[in-house]
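First the structure, in the form of structure tokens, and then the observations on it.
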There are 2 protein chains.
Amino acid sequence: MALGKNYEGQDCSLARALELVGERWTLLVVRDALYGVRRYGDFLAHLGIPRAVLSQRLQTLVDAGVLERVRYSQSPPRDEYVLTAMGRELWGPVYLLAQWGERNLSKAGPRRVFHHVTCGARIDPHGLCPSCGGRPPLEETEVRPGPGADPFRDDPVSVALRRPHRMLGPLPG
Amino acid sequence: MALGKNYEGQDCSLARALELVGERWTLLVVRDALYGVRRYGDFLAHLGIPRAVLSQRLQTLVDAGVLERVRYSQSPPRDEYVLTAMGRELWGPVYLLAQWGERNLSKAGPRRVFHHVTCGARIDPHGLCPSCGGRPPLEETEVRPGPGADPFRDDPVSVALRRPHRMLGPLPG
DNA sequence: CTCCAAGGTTCATTCAATGAACTGATGGAG
DNA sequence: CTCCATCAGTTCATTGAATGAACCTTGGAG
């Protein structure tokens with residue numbers, strides 16, 4: 001982003017957050033990781049991001065401690081990118097921003113809805129479970145397709161992400 | 001951002017939100033507007049943003065309905081940019097993102113802290129008032145300098161923003 | 001030995017950001 | 001009336017990042 005020069009003058013922690021996750025594509029990568037996407041090729045297919053940009057973003061996020069690169073196959077050597085605790089904490093801001101977009105910029109209904117699996121209730125716009133009143137952790141949150149889901153994307157990652165599944169969990173199917 | 005082409009394929013309201021407020025500088029402009037900054041010259045001085053970029057961002061935000069351009073002086077003709085309801089709703093995501101940056105990227109203490117004026121209590125990291133348990137509206141929220149506030153920025157806007165004042169209110173001093 | 005796939009890197013082109021200079025309207029001081 | 005300053009931009013040359021296509025590398029599979 002080359003904002004270091006400018007952001008050093010900024011008197012706000014938002015600026016430091018944006019330095020890291022405010023770059024083009026970065027929050028979409030994090031969102032996909034929250035949904036359970038872990039592999040280079042899956043990010044690539046689902047986001048339609050240029051390869052060079054994806055490589056650079058993954059590296060930046062690993063360096064910053066948002067993602068961790070984990071070997072999941074010795075031979076052939078293959079790594080996947082999984083969210084750290086720091087990365088999982090981005091769920092709050094990401095969820096609120098998506099809800100804001102939903103309310104203000106979307107004509108169709110929500111593309112995805114989120115449920116608290118232990119209660120079965122749909123999570124509200126502030127991120128609270130209307131049934132238990134708590135803030136469901138990601139491990140107890142399930143993504144399901146909403147009424148505005150786009151049924152025309154038929155690449156394997158999009159199809160897998162349309163099946164109800166736990167957040168962070170490996171892609172179903 | 002020229003992301004229209006790419007974002008049309010995106011199956012998520014987050015993408016639409018980022019199309020609008022995910023551009024470089026945009027969320028910092030919104031943050032300043034939430035703090036009470038309203039004038040072109042004040043944004044310019046406080047953010048250190050290039051003039052051409054500020055003009056473009058303000059125009060985009062006005063077109064999208066996040067800001068409204070309001071005439072506050074007939075002669076000389078002067079306009080200010082104030083947040084609409086849609087813009088004020090960005091407080092949630094902006095606050096959570098700043099808190100995330102605070103926890104994960106900041107060594108000093110918080111630069112600003114937020115209090116619910118009707119209770120006097122400091123708002124917690126989720127945006128709730130620990131005293132009344134509610135989610136204080138912006139009109140009842142006061143910004144105060146925190147322990148990590150940078151005392152070296154002495155331009156008039158930074159000085160004004162360091163004085164405790166209501167969110168959205170005109171700059172004190 | 002050849003072929004293929006996953007996960008990258010390289011490279012030319014396009015597009016946006018930057019910072020400095022310029023414009024244009026208005027009003028105040030002398 | 002003239003000169004100067006201020007505010008709110010616009011213009012422009014330069015730099016830097018994003019894009020998309022092509023290429024490379026490693027390690028199976030047949």
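Just so it is clear: chains get the letters A, B, ... in the order the sequence lines come, proteins before strands, and each one is counted from 1.
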Checklist entry - Has B/Tyr81 got a side-chain N or O lying under 4.0 Å from the OP1 or OP2 atom of D/dG9? => result yes
Checklist entry - Nearest of D/dG27, C/dG19, D/dG9 to any side-chain atom of A/Pro77? => result D/dG27
Next on the checklist: Salt bridge or not between A/Arg78 and A/Glu80? Use side-chain N to carboxylate O under 4.0 Å.
Outcome noted: no
Checklist entry - Rounding to a whole Å, what distance do you find between B/Glu23:CD and C/dA17:C1'? => result 11 Å
Next on the checklist: Just to be sure I understand the rule, does B/Phe43 reach a base, reach only the sugar-phosphate, or reach nothing, if contact means heavy atoms closer than 4.0 Å?
Outcome noted: nothing
Item to check | Ring-ring centroid check A/Phe114 A/Trp91, cutoff 6.0 Å | outcome: yes
Item to check | Member of A/Arg71, A/Arg39, A/Arg38 meeting the salt bridge (Lys or Arg N to Asp or Glu O under 4.0 Å) criterion with A/Asp79 | outcome: A/Arg71
Checklist entry - A/Arg166 and A/Glu139: salt bridge (charged side-chain N to carboxylate O under 4.0 Å, His left out), yes or no, with the steps? => result CA-CA 7 Å; A/Arg166 297 289 176 101; A/Glu139 294 75 14; over 6 Å; no
Write down the protein N/O and nucleotide N/O pairs, taken from nucleotides 28-30 of chain C, whose separation is under 3.5 Å; answer none if there are no such pairs.
none

Item to check | Salt bridge present between B/Asp124 and B/Arg122 (N-O < 4.0 angstrom) | outcome: no
Item to check | Side-chain-base donor-acceptor pair under 3.5 Å for A/Arg39 and C/dG7 | outcome: no
Next on the checklist: Please list, in numerical order, the residues of residues 53-76 of chain A that have a heavy atom closer than 4.0 Å to any atom of DNA chain C.
Outcome noted: A/Ser55, A/Arg69, A/Tyr72
Next on the checklist: On the side chain of B/Arg51, is there an atom forming a donor-acceptor pair with the base of D/dA8 - under 3.5 Å, no angle test?
Outcome noted: yes
Item to check | Gap between atoms CZ and P, on B/Arg38 and D/dA8 respectively (whole Å) | outcome: 14 Å
